[in-house]
Amino acid sequence: VNVSIFWILILLSSDSLFAFKYFLPVAVVTAGILLPNLIYFKLQKNLYKNISKDEVHEKLLQLLISFTHGEWALRNLNSLQLLCQNAPKNGSDDSFQNQFEERRETFKKLTMPAIENILEYSSYISLNKVYTSDLLRITAYLKKMFIEETKLISKAEYEIAADSIKELKIKLRELKSGIFAIFSSDPVEVIRSVSDSVLIILDEKNIALEKLKQYRKNIHVLIKPYELADIIDNCIQNAVRAIEIFPGKITLSLIQFAPKIMIEIEDNGKGIMSKNYDKIFERGFSSEKSTGHGLYIARESLKKYGGRIFLKESRPGKTVFVIELNEGIYNEAASVVN
């Protein structure tokens with residue numbers, strides 16, 4: 001369009017003064033190129049301006065969970081790194097080249113778009129400037145090597161590519177630590193706070209609360225403290241309603257199955273009918289005159305963090321719910337994200 005406008009103006013102003021004949025077409029076309037781009041960048045800026053910092057953190061959390069816990073992207077990076085490290089001296093081996101092109105194609109179509117998505121959202125939060133520049137430099141180099149069909153010839157070039165992949169993984173791990181720390185909590189502290197808040201109710205109902213921890217280390221879990229507190233409190237309230245024979249007992253157990261942490265909530269109530277095992281997690285379902293939203297909300301909240309809640313077993317005298325969580329990051333580890 002701009003080229004057409006340029007020549008139309010040249011023809012229409014052929015009999016005009018020099019200034020109009022050449023300056024006007026150039027000025028109009030320049031404006032035609034600059035204005036749409038300026039408007040586009042302005043709209044893009046306003047688009048992300050309306051996204052809160054918390055929303056960006058949550059989006060980054062989802063992307064990093066998908067990237068690291070899904071494993072396929074890391075497997076592609078690891079296999080590419082391994083291939084580059086073990087490249088033949090002249091790089092001309094057919095078997096090697098076939099494997100390399102296959103991994104490169106996966107990187108191009110799947111892995112790199114995922115990395116770029118992470119980088120896009122990373123640009124909207126406050127990061128260490130040196131860290132940001134390093135991440136952009138590494139990504140640009142890998143795009144040149146694996147996206148732009150650059151022909152790697154010497155073993156030295158393959159080794160540089162392998163080192164770049166290794167450095168990228170380190171940077172992504174640092175970013176993950178910073179973001180995960182924002183969403184991490186100490187389950188021991190959360191359980192202590194919740195149990196303190198329900199002691200009066202438990203005393204009135206003659207229900208004992210026992211807390212067990214089956215590992216020694218101080219391990220954080222990937223979920224915000226108030227969300228975990230809501231889920232545990234809901235499970236305790238459900239257990240209280242289920243107990244009909246007194247004295248009753250509720251046991252909270254912390255168990256480690258790395259990289260998972262399990263919180264088991266056991267009660268000696270009447271149990272849940274087998275026909276309701278799946279229904280109890282549906283929105284609005286209740287057999288105990290509750291709102292019926294607690295377990296549904298718990299399940300949806302845990303999904304954000306790659307966790308889950310499920311009924312382990314239920315019979316008269318013993319019901320066990322399990323909250324399964326990913327290991328988090330101790331908050332002082334957040335060095336990349338300000």
Side-chain angles (χ1 to χ4, degrees), residues 44 47-78 110-129 131-132 134-136 138-139 168-190 218-232 234 256-263 281 296-310 322-338:
Q44 285 290 96
L47 175 66
Y48 290 103
K49 190 177 180 180
N50 295 327
I51 299 177
S52 69
K53 193 172 184 179
D54 288 341
E55 288 175 313
V56 174
H57 284 157
E58 286 192 11
K59 181 62 179 178
L60 262 177
L61 174 73
Q62 299 304 316
L63 292 171
L64 289 165
I65 287 176
S66 176
F67 191 90
T68 55
H69 290 198
E71 295 185 356
W72 61 267
L74 280 180
R75 278 200 300 270
N76 177 243
L77 284 178
N78 289 336
L110 298 176
T111 307
M112 195 62 201
I115 293 171
E116 288 180 325
N117 211 3
I118 290 170
L119 290 177
E120 180 184 359
Y121 279 89
S122 300
S123 65
Y124 303 119
I125 59 176
S126 180
L127 295 177
N128 179 287
K129 288 183 179 180
Y131 174 87
T132 306
D134 285 346
L135 197 53
L136 291 172
I138 299 163
T139 307
L168 174 67
K169 291 194 297 182
I170 291 170
K171 294 297 178 183
L172 288 174
R173 192 157 54 243
E174 289 173 357
L175 178 61
K176 173 187 168 183
S177 295
I179 294 297
F180 275 32
I182 295 171
F183 292 93
S184 293
S185 59
D186 183 346
V188 174
E189 288 298 321
V190 173
N218 180 23
I219 303 172
H220 281 55
V221 291
L222 188 62
I223 187 172
K224 283 194 171 182
Y226 71 88
E227 290 182 282
L228 180 58
D230 286 344
I231 294 169
I232 294 173
N234 179 258
Q256 182 187 22
F257 290 104
K260 304 286 185 180
I261 297 293
M262 310 290 193
I263 303 175
F281 294 103
Y296 170 79
I297 293 171
R299 185 183 64 179
E300 295 304 306
S301 295
L302 288 164
K303 278 182 183 178
K304 294 189 302 183
Y305 302 103
R308 61 177 179 144
I309 182 170
F310 60 92
V322 179
I323 301 168
E324 182 183 280
L325 299 157
N326 286 306
E327 289 187 14
I329 302 290
Y330 183 54
N331 283 318
E332 287 184 4
S335 58
V336 174
V337 181
N338 294 335

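- Between Phe183 and His57, the shortest heavy-atom contact is CE1-O, 3.6 Å.
- Contact of the Leu63 side chain with the Lys59 side chain is registered, since non-hydrogen atoms from C-beta on lie closer than 4.5 Å.
- Judged by distance alone, the side chain of Asn76 and the main-chain N or O of Thr111 form no donor-acceptor pair under 3.5 Å.
- Contact check for Ile329 versus Lys176: no side-chain heavy atoms found under the 4.5 Å cut-off.
- By the 4.5 Å heavy-atom criterion applied to side chains, Asn117 and Phe67 are not counted as neighbours.
- Of all non-hydrogen atoms in Trp72 and Ser66, the two that sit nearest each other are NE1-O, 4.3 Å.
- At distances below 3.5 Å, at least one donor-acceptor pair connects side-chain atoms of Gln62 with backbone N or O atoms of Lys304.
- Here the closest non-hydrogen pair linking Thr139 and Leu135 is OG1-O, 2.7 Å.
- The distance from the CG atom of Leu228 to the OG atom of Ser184 is 11.5 Å, given to the nearest 0.5 Å.
- The closest side-chain heavy-atom distance from Ile297 to Asp230 is not below 4.5 Å.
- Rounded to the nearest 0.5 Å, atoms CD (Gln256) and CD1 (Ile219) are 3.5 Å apart.
- For the atom pair Arg173 CZ and Lys169 NZ, the distance stands at 7.5 Å (nearest 0.5 Å).
- Evaluated for a side chain to side chain contact (heavy atoms under 4.5 Å, CB included) with Ile223, the options Asn326, Leu302, Ile323 yield exactly one hit, Leu302.
- Between Leu64 and Phe180, some side-chain heavy-atom pair lies under the 4.5 Å cut-off.
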Pair Val221-Tyr305, side chain to side chain contact (heavy atoms under 4.5 Å, CB included): steps then yes or no | CA-CA 10 Å; Val221 291; Tyr305 302 103; over 6 Å; no

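- Separation of atoms CD1 (Ile263) and CD1 (Ile231) is listed at 8.5 Å; rounding is to 0.5 Å.
- When side chains are defined from C-beta on, Leu222 counts as touching Leu61, because their heavy atoms get closer than 4.5 Å.
- Nearest heavy-atom pair across Pro225 and Ser185 is CG-CB, 3.5 Å.
- The distance from atom OG of Ser122 to atom CG of Leu175, rounded to the nearest 0.5 Å, is 4.5 Å.
- His220 and Pro187 get closest at one heavy-atom pair: CA-CD, 4.2 Å.
- Taking CG of Leu119 as the start and CG of Leu60 as the end, the distance is 9.5 Å to the nearest 0.5 Å.
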